[in-house]
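Each remark here refers to the structure printed beneath this line.
Only a predicted model underlies this, so the values are computations on that prediction, with no experimental measurement involved.
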Amino acid sequence: MANVTAGEYRPLFLSTDSPVVNVSSFRIDKAPVTNREFQNFVEKNPKWQRNAVPSLFAEQTYLSHWVDTDSKSAPNPTDFEKPVIYVSWYAAQSYCQAQQKRLPTVAEWEYVAQASFIQKDGSQEKGYNQKILDWYAKASKQTPSDVGKDEPNFWGVHNMHGLIWEWTEDFNSNLISGESRDDSSVNKELYCASGSAGAVNPSDYAAFMRYGFRSSLNAKFTLGSLGFRCAQDGND
Amino acid sequence: MSKFKTKVLVSMVSAALVLTACAQVNEKLASGGAKAESTKSQLPVIQAVLTHAPDVPAPITRKYSAKVVINLETQEKVMRMADGVDYMFWTFGGQVPGKFMRIREGDEVEFNLSNSPDSKMPHNIDLHAVTGPGGGAASSFTAPGHTSTFSFKALNPGLYVYHCATAPVGMHIGNGMYGLILVEPKAGLPKVDREYYVMQGDFYTKGKYGEAGLQPFDMEKAIKEQPDYVVFNGSVGALNGEKALTAKVGESVRLFVGNGGPNLVSSFHVIGEIFDKVYVEGGATENKNVQTTLIPAGGAAIAEFKVDVPGTFIMVDHSIFRAFNKGALGMLKVTGPEDKIIYSGKQADKVYLPEGSAAQSIDNKQTAETDKVLSKDEQIAQGKHVFESNCLACHQANGEGIPNAFPPLAKSDFLNADHNRAIGILLNGRSGPITVNGKNFDSIMPAIALSSSQIANALTYVLNSFGNNGGQVTAAQVDKQRKVAPSTSNSEHG
């Protein structure tokens with residue numbers, strides 16, 4: 001895991017005079033959880049097998065990219081090092097707990113994600129947002145590539161952008177409803193944007209899309225572009 | 001005491017009832033029969049037929065209200081924006097604009113919005129035909145690989161825009177997420193021979209108009225409202241050539257025209273036609289004898305006209321640079337007998353030479369010279385662009401020209417015989433009879449305002465293309481010809 005020191009973080013969608021969020025120091029997985037790692041977890045916790053999981057905790061597409069063998073299902077060996085996808089929030093949280101970890105909060109995730117290769121907050125660096133937006137602009141048809149192959153960011157963390165969407169502990173605490181243009185009335189103090197009117201600059205659109213995406217989720221959803229990584233309190 | 005017991009009993013019974021009800025619904029869902037459960041309505045159920053532009057579903061002939069089931073899928077896919085230019089479009093139904101829906105005033109609609117599992121983004125739909133907060137947006141907010149269902153009643157007749165309203169809204173619309181829904185009035189629309197669906201939209205790309213490759217969305221240009229593309233039906237040329245709309249002389253045509261925006265207002269015009277009737281803004285107001293109708297972003301209009309003479313009628317956004325420089329141009333091809341009284345066609349063409357120059361000049365200004373000396377291959381590459389933007393319109397992409405109008409550059413004896421003469425024609429223009437490859441031409445080419453290196457590159461490209469004899473023209477050669485007096489001869493032969 002990578003150590004992340006405490007700091008401040010301003011959600012990108014907020015206006016420049018809005019309050020910042022304090023993030024305590026924590027540890028976060030250097031890469032998203034892989035199919036092989038998740039398979040080990042499922043072996044030890046058979047209730048998270050594809051054919052055993054209750055529909056309350058995962059949709060029918062849960063682990064649908066795994067191959068059935070006998071009574072179990074397992075990832076294709078070529079997919080071992082690819083990030084696990086088609087997992088629900090419940091499954092992800094359960095995995096993290098089994099490692100004495102938890103899912104990162106939105107604030108923690110965004111705090112790590114705004115680092116560039118060379119600094120904690122690289123969000124104003126040239127090219128930072130374009131790389132993210134370019135990935136958002138691609139459809140999810142192809143399976144993602146192996147984890148950890150990109151250049152790590154300032155914290156030594158891989159794949160924050162450009163590989164998959166990731167679950168966060170409080171994904172459903174966003175202030176974006178399905179009717180994005182009316183969100184100003186949900187919490188005017190925090191959310192100054194109707195649609196995007198309050199966005200600080202065009203680069204905020206990358207963050208908008210993440211917040212928008214998280215808002216569309218339910219905890220049991222399992223999507224082909226959505227995986228996770230774990231976090232832990234404290235610091236070494 | 002007994003009161004308390006009763007209360008507990010009542011809540012236990014109602015709990016049991018709720019459970020039973022749940023079980024019933026689940027059973028229905030499992031057997032695919034949940035539709036009847038969702039509303040109490042006794043209306044007959046009809047599955048809506050949706051069409052891709054430019055087609056429109058058949059007029060509604062029933063005289064009663066129905067429960068109409070509409071299934072629509074949002075898809076993100078790379079498609080053609082212009083020749084050589086691709087774009088990641090976000091769509092309702094796999095094309096831009098989204099599929100056309102046709103319902104009747106008073107219908108109750110069950111709307112199922114599915115978001116493709118391949119989508120990266122969540123999507124929703126705001127139908128301007130819906131009376132209710134958000135136009136359905138919140139109720140239809142859908143993650144990839146999911147389906148949302150909501151219902152509404154079509155209270156007002158008219159032609160309405162629908163679009164995605166997921167944050168960032170401008171980006172979802174700017175990527176092509178819009179379409180039209182027609183709510184026919186109870187009495188129906190008057191019968192016409194042809195109905196078509198045309199929708200304008202503006203697009204913002206990192207590269208300039210025509211810059212090749214997969215172009216990403218440019219948020220800054222979108223905020224500044226400076227589109228690179230303004231197009232009908234999702235791409236440059238979507239209604240041109242073989243894909244043009246068609247009609248026969250004497251037929252009545254109805255265009256359902258929408259404007260998805262996200263930013264621009266359309267001045268919709270069909271060159272050479274007058275709209276006999278326009279349903280202003282897609283509502284009930286009928287205007288007659290309209291040349292150009294204004295279509296707001298997020299608005300629509302219905303335009304009707306009878307086609308009286310054959311020919312190609314060009315549809316444009318009459319903010320005219322959008323039509324000729326950004327793509328807002330479509331065609332309606334009308335076939336049938338001519339009517340020379342209504343329109344004669346060209347009756348005469350004589351050379352008109354005002355005093356002074358022998359040929360008109362597009363622009364006399366010299367563009368700045370680049371000092372760099374290019375290799376022949378570089379000249380050919382750059383000359384191709386010069387050719388495409390200055391020469392191709394008349395001399396054609398294959399250099400063959402047009403018989404009796406524009407002489408060929410391909411295998412041209414006239415061109416290959418004298419490079420300096422060719423330079424002179426580009427510099428000074430040319431008029432009067434010439435013979436090329438045994439064919440006679442008598443027309444005018446204006447002087448083209450190009451720099452010496454541009455002329456050199458264009459000629460080098462042409463000399464090394466289209467089966468010509470090869471060779472190279474340098475900027476120095478062109479400079480030399482600039483100092484030579486323009487040829488006064490009015491007839492030359494190759």
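- Using modelled atom types, no side-chain atom of Trp165(A) and backbone atom of Met121(B) make a donor-acceptor pair closer than 3.5 Å.
- The distance from the CG atom of Asp118(B) to the CG atom of Leu223(A) is 11.5 Å, given to the nearest 0.5 Å.
- Between His146(B) atom NE2 and Thr61(A) atom OG1 the span is 6.5 Å, to the nearest 0.5 Å.
- Ser119(B) and Ser225(A) get closest at one heavy-atom pair: O-OG, 4.5 Å.
- For Pro216(B), the part lying near chain A is the side chain, with the backbone staying farther off; criterion is any non-hydrogen pair under 4.5 Å.
- Options His172(B), Gln75(B), Lys206(B) differ in how many heavy-atom pairs under 4.5 Å they form with chain A, and the most are formed by Lys206(B).
- Closest approach of Thr142(B) and Ser216(A) over heavy atoms only: C-CB, 4.4 Å.
- Between Met209(A) and Met171(B) there is a side-chain heavy-atom pair separated by less than 4.5 Å.
- Annotation for Glu281(B): atom CD does not count as buried by contact number, only 12 or fewer foreign heavy atoms lying within 6.0 Å.
- When every heavy atom of Phe213(A) is checked against every heavy atom of Pro122(B), the shortest pair comes out as CA-CG, 3.6 Å.
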